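Reviewing the structure listed below.
Everything quoted here is computed from the prediction, not taken from an experiment. The sequence lines fix the lettering, A, B, ..., with proteins before strands; numbering per chain opens at 1.
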There are 2 protein chains.
Amino acid sequence: MFRIDPLSRQPVYEQLIEQLEKLVLTGLLPADSQLPSVRSLSLELSINPNTIQKAYSDLDVRGIIYSVPGIGCFVAKNAAEILQAHMRRKLDQLRQLADDLALAGIPEEELIDSIHTVYQERGVHL
Amino acid sequence: MFRIDPLSRQPVYEQLIEQLEKLVLTGLLPADSQLPSVRSLSLELSINPNTIQKAYSDLDVRGIIYSVPGIGCFVAKNAAEILQAHMRRKLDQLRQLADDLALAGIPEEELIDSIHTVYQERGVHL
DNA sequence: AAGGTGTACTATCTGACATAGTACACCTAT
DNA sequence: ATAGGTGTACTATGTCAGATAGTACACCTT
C-alpha cells in the first residue's frame, strides 16, 4: 500500500505524509475512512511506531485527519479541500523550477509540452 | 556576491554550488575566469574553509571548474554546456510537480500561465 | 479480562553537516 | 631566498534531525 525508501534524503515520515495526502486527493481514502493503525503500519513497513505516529500527528495538527483515542485515526471531512488549498504553494516551486530551466536556456515549449502530457495522462487515468 | 542562509534545510555547500552554477549559466562567470579563493570566500561569507572546499571539489569532479594548485580555481571551458545538459533532469522534477498539482485539481491553465510569466520576465531581464 | 487503539515520554544511535585546527605542496611577488 | 597567497588533505569535535528502542498510560471493543 505504501512505498517507503529508507535511504532517501527525504525523511520517512514525510514520505508517508505525502503518500497519505495523495490517497486522500485521489479519493482512495474518503472522508471518515479509517487509517491503518500505528502498530499495524509499523509492522507492515518495518518502521518504528514513533515514526508512523509522527506522520499521523502532523496530519492531525493540520486537520487532514482526526484521531479518536482507543479507536483509531480517520480522514477528516474537509481533508481534500484543505489539501487542495495547500497545494497551491507548490505553484511557487513550479515557478522556481521554470526560472532555473529558463536560465539554462531550455525553451519554454519543452516545459509546456511536458505539462500538457502530464495533464493528458492524468485525465485518462481518472 | 552570494546569499547564504545557514538556517536553511539545504546544506550551505549546496547553496553555494547552485549560486555558482547560476553565475556560470548567466555568463557572469565566463570560461577561465577565476573564482574567489577558498580562504577569501570563507572570510567573506563567514563560512568554514572546509565547506567552501567541499563545494569547489564537487564542481571540480563534475567538470564545471578546474583547479590549479597554488594558483586558484577557474571556470571550465565547457562549464555552461555541462550545466545545460544536466539541467534537463530538472524537467523530471517539473513533471512530478505538475502531476501533483493535476492531482490536486489545479487547472492546467494556471501552470501554463505561471511558466509563461516566468519566461517573459526572464526574457526582459536578459 | 484480553487485546486492540492513540498518546506520551525518555534514552540511544546514526549520519550528514559544519566547525576547528593543522599540515603539506605549490606558485608568485618581493 | 623569503613571505604570502593558492589548493588540498587529514583528524577531531560539535550539532542537529531523523530514526530506533523500550516503556507506560488511558481509552474502547469484544
Rounding to an integer number of Å, can you tell me how far [X] [atom1] sits from [N] [atom2]?
| X | N | atom1 | atom2 | answer |
| --- | --- | --- | --- | --- |
| B:Leu16 | C:dC17 | CG | C1' | 14 Å |
| A:Ile52 | D:dA19 | CD1 | P | 10 Å |
| B:Leu35 | D:dG7 | CG | P | 9 Å |
| A:Asn50 | D:dA19 | CG | P | 11 Å |
| A:Asn48 | D:dG18 | CG | P | 15 Å |
| B:Asp58 | C:dC17 | CG | P | 11 Å |
| B:Ile47 | C:dA20 | CD1 | C1' | 15 Å |
| A:Leu43 | C:dT5 | CG | P | 10 Å |

The side chain of [X] is closest to which nucleotide in this list: [options]?
| X | options | result |
| --- | --- | --- |
| A:Gln53 | D:dA19, D:dT29, C:dA8 | C:dA8 |
| B:Ile71 | C:dT7, C:dA18, C:dT28 | C:dT28 |
| A:Ser37 | C:dG21, C:dC17, C:dT5 | C:dT5 |
| B:Arg9 | C:dC17, C:dG6, D:dG18 | D:dG18 |

* Asked: 5'-most contact on DNA chain D: A:Gln10 or A:Arg39, nearest heavy atom basis?
  -> A:Gln10
* With DNA chain D as reference, determine whether A:Val68 or A:Tyr13 sits nearer its 5' end, using the nearest nucleotide of each. => A:Tyr13
Check whether any side-chain nitrogen or oxygen of [X] sits under 4.0 Å from OP1 or OP2 of [N], and answer yes or no.
| X | N | result |
| --- | --- | --- |
| A:Ser67 | C:dT7 | yes |
| B:Lys54 | C:dA18 | no |
| A:Thr51 | D:dG18 | no |

* **For A:Glu110, the option from B:Arg88, B:Lys90, B:Arg95 that meets salt bridge (charged side-chain N to carboxylate O under 4.0 Å, His left out)** => B:Arg88
* To do: Only one of B:Arg89, B:Arg122, B:Lys22 passes salt bridge (charged side-chain N to carboxylate O under 4.0 Å, His left out) with A:Asp100; say which it is.
  => B:Lys22
* Asked: Hey, does the side chain of B:Ser8 reach the backbone of B:Asp5 with a donor-acceptor pair shorter than 3.5 angstrom?
  -> no
* Asked: Checking B:Thr51 side chain against B:Ile47 main chain: does a donor-acceptor pair fall under 3.5 Å?
  -> no
* To do: May I ask you to say whether B:Glu18 pairs ionically with B:Arg3, meaning some side-chain N is under 4.0 Å from a carboxylate O?
  => no
